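To find a chain, count down the sequence lines: A is the first, B the second, and so on, and within it residues start at 1. Quick caveat: nothing in here was measured; it's all calculated off a predicted structure.
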There are 2 protein chains.
Amino acid sequence: MLGSRTTLDWPDGEERFPTSVCMDCAVRRDSLCGTLAGEDLIMLHKLGRRRRLRRGESIAWAGEESRGCANVLSGILKVSALTADGREQIVGLLYPSDFVGQPFVGSFEFTVTALGDAEICTFRKSDFEGFLSTRNGMTQALLRRTFDTLSDARKRMLLLGRQSASERIADFLLQTFERIGGYSASANGPVTFDLPLSRGAIADVLGLTIETVSRQMTKLKMAGVIALPGGRAVTILKRDALRRMADAA
Amino acid sequence: MLGSRTTLDWPDGEERFPTSVCMDCAVRRDSLCGTLAGEDLIMLHKLGRRRRLRRGESIAWAGEESRGCANVLSGILKVSALTADGREQIVGLLYPSDFVGQPFVGSFEFTVTALGDAEICTFRKSDFEGFLSTRNGMTQALLRRTFDTLSDARKRMLLLGRQSASERIADFLLQTFERIGGYSASANGPVTFDLPLSRGAIADVLGLTIETVSRQMTKLKMAGVIALPGGRAVTILKRDALRRMADAA
DNA sequence: CGCCCATTTGATCGAAGTCAAGGAACGTGG
DNA sequence: CCACGTTCCTTGACTTCGATCAAATGGGCG
């Protein structure tokens with residue numbers, strides 16, 4: 001949904017062995033740092049610190065005045081906004097290799113929380129800004145990512161403002177499959193994968209309630225469009241039907 | 001709502017007189033070009049072309065593969081997304097000095113349309129990319145703007161996903177006032193201004209119908225929170241009441 | 001003046017929310 | 001290994017907010 005594609009595999013060849021720099025990083029290929037090499041990579045590496053997050057833990061600097069930014073190494077995080085009385089809307093999901101934070105901007109008015117255990121590579125905002133300032137290529141890469149994130153947010157605004165519950169669910173299932181499920185052999189064959197989000201989190205992404213999400217999933221199951229083998233697993237049986245439901249009526 | 005503040009006044013002093021470059025541009029101070037001076041400004045000026053848009057006219061390059069980008073000089077534009085069956089959601093509003101377009105990104109999946117007559121300063125995307133590539137400061141400035149736009153979109157996702165019709169209207173009135181009305185002498189005194197959007201456009205911004213927008217406005221009028229002097233004019237009588245309604249219940 | 005448009009108002013309907021209860025899955029400790 | 005508690009998910013009954021359908025009102029302009 002946000003930014004570029006996910007890869008959890010290790011890079012091949014000699015990069016596989018841990019070294020003092022980022023050569024053993026699982027997301028090096030796809031993360032923002034992927035634009036760097038040699039000396040630059042070593043310099044950025046010195047500015048970064050790995051950090052583990054437990055399920056439910058929020059990144060401390062989000063919302064505060066002193067802040068940082070980070071790359072997601074593993075796990076999935078949510079970016080969420082809250083109303084004064086506690087209603088929540090998830091405004092973005094962060095997968096491995098995604099970037100979090102807003103260099104050069106004073107405030108960040110959202111909360112970033114790990115949906116499961118996760119690992120991130122954090123930087124002090126000022127350090128990161130200094131680094132970007134002499135690397136136009138990396139600034140450009142971040143700009144490109146940010147435009148992608150913006151387009152994603154805008155598409156979801158259409159979803160939230162104008163689409164029905166069943167359209168939202170269909171869209172979510174397809175999007176999630178494309179993001180984590182990769183591409184199956186046959187373009188329309190059945191595919192099974194685990195949803196990385198609880199029903200509650202799905203509801204918070206789609207602007208619905210848990211009950212509505214559950215009912216819509218049951219409806220899709222009854223219609224033979226999906227199967228629910230148990231746990232968070234989903235099997236998409238009729239991908240084209242789902243696609244038709246996702247846009248239109 | 002999007003990006004930086006609006007200024008329609010002319011710059012002071014010698015800049016007031018039209019010259020061959022951008023010295024007479026109404027939005028030079030606040031637009032992205034504001035980061036430029038001297039030689040750079042002249043170079044960018046050579047790449048740009050002014051263009052008038054009539055009310056309802058869409059920017060031709062939006063949605064197409066070959067594209068451009070632009071600064072808004074006057075008027076207000078909408079950025080909108082459509083479902084297959086024609087439902088519309090306005091995902092952004094562009095005021096004078098705002099920037100449109102996504103350099104370094106392949107596709108732009110939204111439509112940009114003038115809400116009234118408008119003027120923009122357009123660039124070929126490739127030209128603009130080339131120009132940015134050697135100006136890290138301007139790339140940074142664009143990045144900053146894009147983060148602001150993203151935060152705005154995310155706040156509106158909370159609005160669309162989790163807030164009631166009355167909260168949406170209250171929020172919209174305050175936001176619009178802050179954007180176009182400027183700040184009044186007394187922080188809480190009554191203020192009058194013209195809404196730059198029709199009821200229909202407001203509905204498309206807020207994910208509601210025309211009728212609901214109208215009814216909510218009437219309700220606010222009856223409650224003595226606002227007055228509707230006629231046309232598109234609104235008077236905010238109890239700004240704090242409106243603020244309270246905008247967030248919470 | 002009369003037409004065209006935007007807006008308001010009214011009556012009704014339906015999709016999703018709310019409230020409430022029951023069931024399945026999972027981890028922990030006895 | 002099982003009993004227990006917790007958390008998540010499903011299902012049911014009812015309510016409500018906003019959408020829809022329809023009509024009336026008002027304002028600007030040729």
Side-chain angles (χ1 to χ4, degrees), chain A residues 54-56 78 83 85-90 114-117 159-173 194-223 226-234 245 248-249, chain B residues 55-56 83 85-89 115-117 159-173 194-223 226-234 245 248-249:
Chain A
R54 302 235 132 264
R55 163 198 169 78
K78 67 177 179 184
T83 60
D85 60 341
R87 285 165 285 169
E88 176 173 359
Q89 176 65 47
I90 295 181
L115 287 172
D117 292 353
L159 194 90
L160 294 172
R162 295 297 187 205
Q163 309 212 183
S164 68
S166 57
E167 291 171 311
R168 298 183 201 199
I169 295 289
D171 185 283
F172 177 80
L173 289 175
D194 272 346
L195 293 174
L197 277 67
S198 70
R199 295 288 188 270
I202 295 173
D204 287 338
V205 168
L206 300 180
L208 300 170
T209 58
I210 289 188
E211 295 94 324
T212 300
V213 171
S214 184
R215 275 187 254 268
Q216 292 295 335
M217 300 278 270
T218 307
K219 216 168 92 185
L220 286 176
K221 187 177 70 181
M222 293 313 174
I226 63 171
L228 299 171
R232 289 187 182 167
V234 189
M245 301 179 67
Chain B
R55 164 199 168 80
T83 60
D85 60 340
R87 285 165 285 169
E88 176 174 359
Q89 177 66 46
L115 286 173
D117 292 353
L159 194 90
L160 294 172
R162 294 298 187 204
Q163 309 211 185
S164 69
S166 58
E167 290 171 313
R168 297 183 202 201
I169 294 288
D171 186 284
F172 177 80
L173 290 174
D194 272 347
L195 293 174
L197 277 66
S198 70
R199 294 288 188 270
I202 295 172
D204 287 338
V205 169
L206 299 180
L208 301 170
T209 58
I210 291 187
E211 294 95 323
T212 300
V213 172
S214 183
R215 274 187 254 269
Q216 292 295 335
M217 301 278 269
T218 308
K219 217 167 94 186
L220 286 175
K221 188 176 70 179
M222 293 312 174
I226 63 170
L228 299 170
R232 288 187 183 169
V234 190
M245 299 178 67

With a non-hydrogen cut-off below 4.0 angstrom, is [X] in contact with a base, only sugar-phosphate, or nothing?
| X | result |
| --- | --- |
| Leu208(A) | sugar-phosphate |
| Ser198(A) | sugar-phosphate |
| Gly200(A) | sugar-phosphate |

Without decimals, in angstroms, what is the distance between [X] [atom1] and [N] [atom2]?
| X | N | atom1 | atom2 | answer |
| --- | --- | --- | --- | --- |
| Arg232(B) | dC5(C) | CZ | C1' | 11 Å |
| Met222(B) | dT8(C) | CE | C1' | 10 Å |
| Gln216(A) | dG17(C) | CD | P | 10 Å |
| Asp85(A) | dT18(C) | CG | P | 11 Å |
| Met217(A) | dT10(D) | CE | C1' | 12 Å |
| Ile169(A) | dC9(D) | CD1 | P | 12 Å |
| Arg215(A) | dG12(D) | CZ | C1' | 8 Å |
| Ile226(B) | dT7(C) | CD1 | C1' | 14 Å |

For Arg199(B) and Thr212(A), find the nucleotide of DNA chain C closest to each by heavy atoms; which residue's nucleotide sits nearer the 5' end?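 Counting from the 5' end, the first nearest nucleotide belongs to Arg199(B).
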With distance as the sole criterion, do the side chain of Arg55(A) and the base of dT7(D) form a donor-acceptor contact below 3.5 Å?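 No, the side chain and the base share no sub-3.5 Å donor-acceptor pair.
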Between the base of dC21(D) and the side chain of Glu211(B), is there a donor-acceptor distance below 3.5 Å?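 Per atom types, the contact qualifies.
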Would you check if the side chain of [X] reaches a backbone N or O of [Y] as a donor-acceptor pair within less than 3.5 Å?
| X | Y | value |
| --- | --- | --- |
| Asp194(A) | Ala233(A) | yes |
| Arg162(A) | Leu208(B) | yes |
| Asp117(A) | Arg54(A) | no |

Between OG1 on residue Thr212(B) and CD1 on residue Ile169(B), distance to nearest 0.5 Å: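 Output value for this atom pair is 8.5 Å.
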Could you grab the distance from atom CD of Gln163(A) to atom CG of Leu160(B), nearest 0.5 Å is fine?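 Reported to 0.5 Å precision, the distance equals 12.0 Å.
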If you check the Thr218(A) side chain, which of dT7(C), dC9(D), dT10(D) turns out closest?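 The listed nucleotide nearest to Thr218(A)'s side chain is dT10(D).
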Counting side-chain heavy atoms from CB outward, which of dT10(D), dT9(C), dA19(D) is closest to Ile210(A)?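 Within the option list, the nearest is dT10(D).
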Does dA19(D) have its OP1 or OP2 closer than 4.0 Å to a side-chain nitrogen or oxygen of Thr209(B)?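 Thr209(B) to dA19(D) OP1/OP2: side-chain N or O found under 4.0 Å.
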